[in-house]
Q: 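First, the structure itself, so that you have it in front of you.
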Amino acid sequence: ADHNISLESMGVTVNAVAGALKAFFADLPDPLVPYSLHQELLETSKIMDKTERLHELKEIVKKFHPVNYDVFRYIITHLNRVSQQYKTNFMTADNLSICFWPTLMRPDFENREFLSTTKIHQSVIETFIQQCQFFF
């Protein structure tokens, strides 16, 4: 709650903060991106027309529980800000989506059918990061 705390002065690394954030999302009883919307997100990602795809994704995000929506908006907006510094931190939207999609969507890695859609899941999160101003 104290916004004046400097993690850097405490010797906390960026990797430790990112790891803690990912652990927080991994420990939630349900993923931030609801399981009930995964299939819809996958189907929407197949829409070839970019404008139509973005509008459909925006409609899906509106279906999130209000708390999930607020947290998702916050984390995606933050990841977008991080990606804007890619020349310094080497974390493009693509790299960030690779790191964060499994935590935000929490897929069933035991399911063989799922393994064929991992790149699509990752691209959905990448789109949210790249286009966050449109979505939020």
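The chain is numbered in sequence order, starting from 1. What you see is a predicted model; the values in this text were computed from it and never measured.
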Q: List the residues meeting salt bridge (Lys or Arg N to Asp or Glu O under 4.0 Å) with Arg81, not counting sequence neighbours, and say none if there are none.
A: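 Partners of Arg81 under the salt bridge (Lys or Arg N to Asp or Glu O under 4.0 Å) test: none.
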
Q: Among all residues two or more places apart in sequence or in another chain, which pass the ring-ring contact (aromatic ring centres under 6.0 Å, His included) test with Tyr69?
A: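 For Tyr69, the residues satisfying ring-ring contact (aromatic ring centres under 6.0 Å, His included) (neighbours in sequence not counted) are Phe136.
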
Q: For residues 29-51, pull every pair meeting salt bridge (charged side-chain N to carboxylate O under 4.0 Å, His left out), keeping only residues two or more places apart or in separate chains.
A: Glu40-Lys63, Glu43-Lys46

Q: Would you please name every residue forming a ring-ring contact (aromatic ring centres under 6.0 Å, His included) with Tyr86, sequence neighbours left out?
A: none

Q: In Å, rounded to the nearest 0.5 Å, how long is the span from CG of Leu79 to CG of Leu21?
A: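 Leu79 CG to Leu21 CG: 7.5 Å, rounded to 0.5 Å.
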
Q: Can you sort out the partners of Ser6 under side chain to side chain donor-acceptor pair (under 3.5 Å), two or more places apart, ordered by chain and number?
A: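 By the side chain to side chain donor-acceptor pair (under 3.5 Å) rule, Ser6 matches Ser9.
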
Q: Would Tyr74 end up clustered with Met91 when hydrophobic side chains under 4.5 Å apart are linked, directly or stepwise?
A: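 The answer is no; the residues belong to distinct hydrophobic clusters.
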
Q: Mind listing the closest non-hydrogen atom pair of Ser83 and Ala93 along with its distance?
A: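 Ser83 and Ala93 have their closest heavy atoms at CB-N, 3.7 Å.
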
Q: Sequence neighbours left out, what passes ring-ring contact (aromatic ring centres under 6.0 Å, His included) with Phe25? Give chain and number order.
A: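 Result, ring-ring contact (aromatic ring centres under 6.0 Å, His included) vs Phe25: none returned.
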
Q: For residues Val33 and His38, report the shortest heavy-atom separation together with the two atoms involved.
A: O-NE2, 3.1 Å

Q: Determine the minimum heavy-atom distance between Ser97 and Pro102, stating which atoms define it.
A: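 Heavy atoms only, the tightest pair is O-CD, 4.3 Å.
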
Q: Which distance, rounded to the nearest 0.5 Å, do you find between the CG of Asp27 and the NZ of Lys22?
A: 13.0 Å

Q: If two hydrophobic side chains count as joined below 4.5 Å and joins carry through other members, does Val14 share a cluster with Ile75?
A: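 Cluster IDs for Val14 and Ile75 differ.
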
Q: Kindly write out the residues that satisfy side chain to side chain contact (heavy atoms under 4.5 Å, CB included) with Val12, not counting sequence neighbours, or none if the list is empty.
A: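 Here the qualifying residues are Leu7, Met10, Ala16, Val17.
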
Q: Would you say that Arg106 contacts Leu32 through its side chain, given a criterion of any heavy-atom pair below 4.5 Å between the two side chains?
A: no

Q: With a 4.5 Å heavy-atom cut-off, do His121 and Val124 have their side chains touching?
A: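 The answer is no, as the side chains (C-beta and beyond) never meet within the 4.5 Å cut-off.
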
Q: Mind checking side chain to side chain contact (heavy atoms under 4.5 Å, CB included) for Thr44 and listing every partner two or more places apart, or none if nothing turns up?
A: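 Scan of Thr44 (side chain to side chain contact (heavy atoms under 4.5 Å, CB included), adjacent residues dropped) gives Ile47, Arg53, Glu56, Leu57, Ile60.
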
Q: What side-chain donor-acceptor pairs closer than 3.5 Å can you find for residues 125-135, not counting sequence neighbours?
A:
from	atom 1	to	atom 2	distance (Å)
Glu126	OE2	Gln130	NE2	3.3
Thr127	OG1	Ser123	O	2.9
Gln133	NE2	Asn80	OD1	3.4

Q: Establish whether Ile98 and Val82 are linked, either directly or via other cluster members, by ILVMFWY side-chain heavy-atom contacts under 4.5 Å.
A: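 In one cluster: no.
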
Q: Side chain to side chain donor-acceptor pair (under 3.5 Å) with Glu59: which residues, sequence neighbours excluded?
A: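 Per chain and number, Glu59 pairs via side chain to side chain donor-acceptor pair (under 3.5 Å) with Lys62.
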
